[in-house]
There are 2 protein chains.
Amino acid sequence: MANSSKKKATIYDLSVLSGSSPSTVSAVLNGTWRKRRIKASTAELIQSLAETHQYTANRQARGLRSSRSGLVGLLLPVHDNRYFSSLAQTFEAHVRSKGQCPIVVSASRDPDEERKTAATLISYSIDELFICGATDPDGVHEVCEAAGLKHINIDLPGTKVPSVISDNFEGGRLLTEAIIRHFPADRPLQPNDLYLFGGRNDHASHERIRGFRAVKKELLGGDPDECIQPTGYAANNARRAFEAFFARHGKLPRGLFVNSSINFEGLLRFMAGHPHDNFADLVVGCYDYDPFASFLPFPVIMIRQDVEGMIAKAFEVIEELRPPPQIHLVQPELVPPRTALTGPLDALKDIDR
Amino acid sequence: MANSSKKKATIYDLSVLSGSSPSTVSAVLNGTWRKRRIKASTAELIQSLAETHQYTANRQARGLRSSRSGLVGLLLPVHDNRYFSSLAQTFEAHVRSKGQCPIVVSASRDPDEERKTAATLISYSIDELFICGATDPDGVHEVCEAAGLKHINIDLPGTKVPSVISDNFEGGRLLTEAIIRHFPADRPLQPNDLYLFGGRNDHASHERIRGFRAVKKELLGGDPDECIQPTGYAANNARRAFEAFFARHGKLPRGLFVNSSINFEGLLRFMAGHPHDNFADLVVGCYDYDPFASFLPFPVIMIRQDVEGMIAKAFEVIEELRPPPQIHLVQPELVPPRTALTGPLDALKDIDR
DNA sequence: AGTCTTTGCACCATCGATTGTGCAAATAAG
DNA sequence: CTTATTTGCACAATCGATGGTGCAAAGACT
């Protein structure tokens, strides 16, 4: 409460204290002082003053002048999901390692909110925007383009700038094949036993479904259309779809391809209301990885997307000068049942104990 | 590419276009124009110009002048965790509903990084900071205090400003009692059968442990010290602790109180390496809720913290003038096995299909 | 000693919005 | 028709940092 009082020190304060001009102080504190031929002793004086007075630059002022902010944005569909939150975690680490400040915001898969959110971020002069899982990536692109903001798509592709996404076709194939092969040869799956639930009208779902159908036709020799049940990315929609199926058939399909952990939660909600033994012969493949889901009391085969790989690739591509609007595929990984993989949190050192 | 070209429109552009002064334009666009007695027709003209030229205010300039930014910060330990990410999700909705912009950042439970991160946020002139699960809340407080920034603690309490946290003592009691009562009367739990794994040297763990020990002594009549095994909030530490126990006793305790889903993941990692039948008689209580964990092939009793309640309370308290540094307890909820609860995502409308 | 070069720094405009103040023109009051 | 009031807006300082430019003093060189 004494001297280092209420208001933050500015270069003007330090200018008075050091007897130098504000511009000299600025140059010293932003590192350009050698280029400006400031004497080392002057620099040291100012730096020590800055230290004792706890100077930190006002980023709004700096950003206003330089029209950069040091902020890097990540636009997510939602936070509350292990896939997206691990993307956020990994993204943050990358941004921080470049000395910038991550700003993670969600837009609920609403195209309108996506654009508005992007506009808000732009009004803070963010330096780059990573558009992740957007429902309308090209709509967000327009907004960014108009502001001259560098941006890139992740998870769901757009057509105007590069996109880094999972190889959903291959992942869909892998998962479908694993589900089918998980059934013993003496009780093989029939084409009508294997359903895909979840997903919506987006690129990822389309590709996964394409992979699903291709493998199904190849291995089971049939692929009825009704086996595809898109439900959107909402747990309760998925639950209703399972209820509807159950109402019609008195059971679930023996093999389930569940498109995303959110839809899998819908399956849980269904299960909570039905006796256990309905699921004795069930094999679930889920396009997403969750360690707890992997240990459920029926075989759960999962796909883990390569979050670290996607983020790394995205940072690599966004640094390029004028990258073509190309799709970069990153291979996902098949995870057998009862597998506990490590994640981004394992990279953190644990502090006490 | 035509006229609405590369650079963003400013009040000066609109000033020229409208024939008014920049200050008039500013007043019209920030809503203070009535107070400034601007003619309605002038305001309408400027507003329509702003519309057609897609004007959005430069927030850095506004923030510089007004020393407010419209940014509200949330400092998290980590993103990649359902508890914290649902806090983020809920926080975001609250901030957005107030017309401000949420900025969610994690600091890895590192006290030093917590302070640095807070300082960074402050340099962007954020308006408020919610300090969630900080290892050193009072350290962050110093930084905020020095900058005159309103702040509040969530999840882990500090001593300088109000804190909104779960009633961990009560939650610990509830969970412990539920674990004990889950065992049939003919094979009751012995004091040596019930262990607590996980947590660290923080307020939450202390309180949960206090609740655990109180109930244990009360219901089981004993409470050996070795039954408390703090492992930090790291999955691999927890795994090692389970391995160590198993090496000594050839089995796990029949009853497990697992302090957080992160530690529960450590249990999964342990389980992945051991045959299934080691867990036939196991009951797990976990201080955290995860829908998938709730359906694991052994009874899992969970605690769900009232995320919505905590966030709402925190926003309520932070708006008060000079709130005393008091702890506000929010009651958590006991979740029986095989329960699929809804979460913040269920509030979102699903767009297509 | 005189000229040229280098060193070291100060000055000032600038980024875009906000806001206190001042002052004409329009209107009302007498 | 004159004075008082209200209306409607422009002016200019300000927030804090940046970076181009200019210029005096110190040093090098002939």
Side-chain angles (χ1 to χ4, degrees), chain A residues 6-47 49-50 53-70 122-127 147-148, chain B residues 6-47 50 53-71 122-127 147-148:
Chain A
K6 223 63 210 175
K7 279 302 125 215
K8 299 197 57 185
T10 71
I11 55 169
Y12 297 96
D13 301 332
L14 297 183
S15 147
V16 172
L17 290 167
S18 69
S20 307
S21 77
S23 58
T24 299
V25 175
S26 170
V28 167
L29 295 175
N30 70 25
T32 59
W33 57 279
R34 293 192 171 282
K35 197 167 58 192
R36 284 181 153 268
R37 298 187 316 229
I38 310 290
K39 224 195 313 183
S41 65
T42 308
E44 281 163 24
L45 169 65
I46 292 175
Q47 277 157 349
L49 281 172
H53 289 265
Q54 310 225 61
Y55 171 83
T56 44
N58 181 322
R59 306 257 192 165
Q60 307 221 52
R62 170 184 294 175
L64 175 58
R65 184 60 232 263
S66 56
S67 65
R68 312 187 74 253
S69 63
I122 287 170
S123 75
Y124 287 105
S125 309
I126 60 170
D127 298 336
Chain B
K6 223 65 209 175
K7 279 303 123 212
K8 299 197 58 185
T10 71
I11 55 170
Y12 298 95
D13 301 332
L14 297 183
S15 148
V16 172
L17 290 167
S18 69
S20 309
S21 75
S23 58
T24 300
V25 175
S26 170
V28 168
L29 295 175
N30 69 26
T32 60
W33 58 279
R34 292 190 173 284
K35 196 169 60 192
R36 286 182 153 267
R37 300 184 319 228
I38 308 290
K39 222 194 315 181
S41 64
T42 309
E44 281 163 24
L45 168 64
I46 291 175
Q47 277 157 349
H53 289 267
Q54 313 224 63
Y55 171 82
T56 46
N58 180 322
R59 305 255 190 165
Q60 308 222 49
R62 168 183 296 177
L64 175 59
R65 183 60 229 264
S66 55
S67 64
R68 309 187 74 258
S69 63
L71 295 169
I122 287 169
S123 73
Y124 286 105
S125 309
I126 59 170
D127 298 336

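Convention: sequence-line order gives letters A, B, ...; per-chain numbering from 1.
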Problem - Verdict with reasoning, A/Y55 to A/L49, per side chain to side chain contact (heavy atoms under 4.5 Å, CB included) - result: CA-CA 8 Å; A/Y55 171 83; A/L49 281 172; over 6 Å; no
Practice task
Would you sort out whether B/W33 and B/I46 count as a side chain to side chain contact (heavy atoms under 4.5 Å, CB included), showing the intermediate values?
Solution key: CA-CA 11 Å; B/W33 58 279; B/I46 291 175; over 6 Å; no
Practice task
Could you walk me through whether A/D13 and A/T10 pass the side chain to side chain contact (heavy atoms under 4.5 Å, CB included) test, one step at a time?
Solution key: CA-CA 5 Å; A/D13 301 332; A/T10 71; 3.6 Å; yes
Show every donor-acceptor pair shorter than 3.5 Å between a side-chain atom in residues 23-32 of chain B and any protein atom, with sequence neighbours excluded, or say none if there are none.
{"unit_1": "B/S23", "atom_1": "OG", "unit_2": "B/S21", "atom_2": "OG", "d": "2.9"}
{"unit_1": "B/T24", "atom_1": "OG1", "unit_2": "B/S21", "atom_2": "OG", "d": "3.1"}
{"unit_1": "B/N30", "atom_1": "OD1", "unit_2": "B/T32", "atom_2": "N", "d": "3.0"}
{"unit_1": "B/N30", "atom_1": "OD1", "unit_2": "B/T32", "atom_2": "OG1", "d": "2.7"}
{"unit_1": "B/N30", "atom_1": "ND2", "unit_2": "B/S26", "atom_2": "O", "d": "3.4"}

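The residue B/S26 sits close to a base: some heavy atom pair falls under 4.0 Å.
Applying the side-chain contact (heavy atoms from CB on, under 4.5 Å) test to A/T56 and every residue at least two apart in sequence or in another chain returns A/K8. Remark: B/R68 pairs with B/S66, B/Q100, B/D127 by the side-chain contact (heavy atoms from CB on, under 4.5 Å) rule, at least two apart or across chains.
The outermost nucleotides of DNA chain C lying under 4.0 Å from heavy atoms of chain B, listed 5' to 3', are C/dG16 to C/dT21.
Rounded to a whole Å, the NZ atom of A/K35 is 15 Å from the C1' atom of D/dT21. The distance from atom CG of A/N30 to atom P of D/dG16 is 17 Å, rounded to the nearest whole Å.
Defining each end axis of the helix from C/dA1-D/dT30 to C/dG30-D/dC1 as the rotation carrying four pairs' C1' atoms onto the next four, with five pairs an end, the two axes are found to diverge by 50° to 10 degrees.
A donor-acceptor distance shorter than 3.5 angstrom exists from the side chain of B/S15 to the backbone of B/S20, with no hydrogens or angles considered. The main-chain N or O of A/S125 is found under 3.5 Å from a side-chain atom of A/S69 such that the two form a donor-acceptor pair.
Of the inter-residue distances, the one linking B/N58 atom CG with B/L64 atom CG reads 9.5 Å to the nearest 0.5 angstrom. Note that CD of A/Q47 is 11.0 Å distant from CG of A/L14, once rounded to the nearest 0.5 Å.
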Protein-nucleotides 9-13 of chain D N/O pairs under 3.5 Å:
{"unit_1": "D/dC9", "atom_1": "OP1", "unit_2": "B/T42", "atom_2": "OG1", "d": "2.6"}
{"unit_1": "D/dC9", "atom_1": "OP2", "unit_2": "B/K39", "atom_2": "N", "d": "2.5"}
{"unit_1": "D/dC9", "atom_1": "OP2", "unit_2": "B/T42", "atom_2": "OG1", "d": "3.2"}
{"unit_1": "D/dA10", "atom_1": "OP1", "unit_2": "B/G19", "atom_2": "O", "d": "3.3"}
{"unit_1": "D/dA10", "atom_1": "OP1", "unit_2": "B/S21", "atom_2": "N", "d": "3.3"}
{"unit_1": "D/dA10", "atom_1": "OP2", "unit_2": "B/S21", "atom_2": "N", "d": "2.7"}
{"unit_1": "D/dA10", "atom_1": "OP2", "unit_2": "B/S21", "atom_2": "OG", "d": "2.8"}
{"unit_1": "D/dA10", "atom_1": "OP2", "unit_2": "B/T24", "atom_2": "OG1", "d": "2.6"}
{"unit_1": "D/dA10", "atom_1": "N6", "unit_2": "B/R36", "atom_2": "NH1", "d": "3.3"}
{"unit_1": "D/dC11", "atom_1": "N4", "unit_2": "B/S23", "atom_2": "OG", "d": "2.9"}

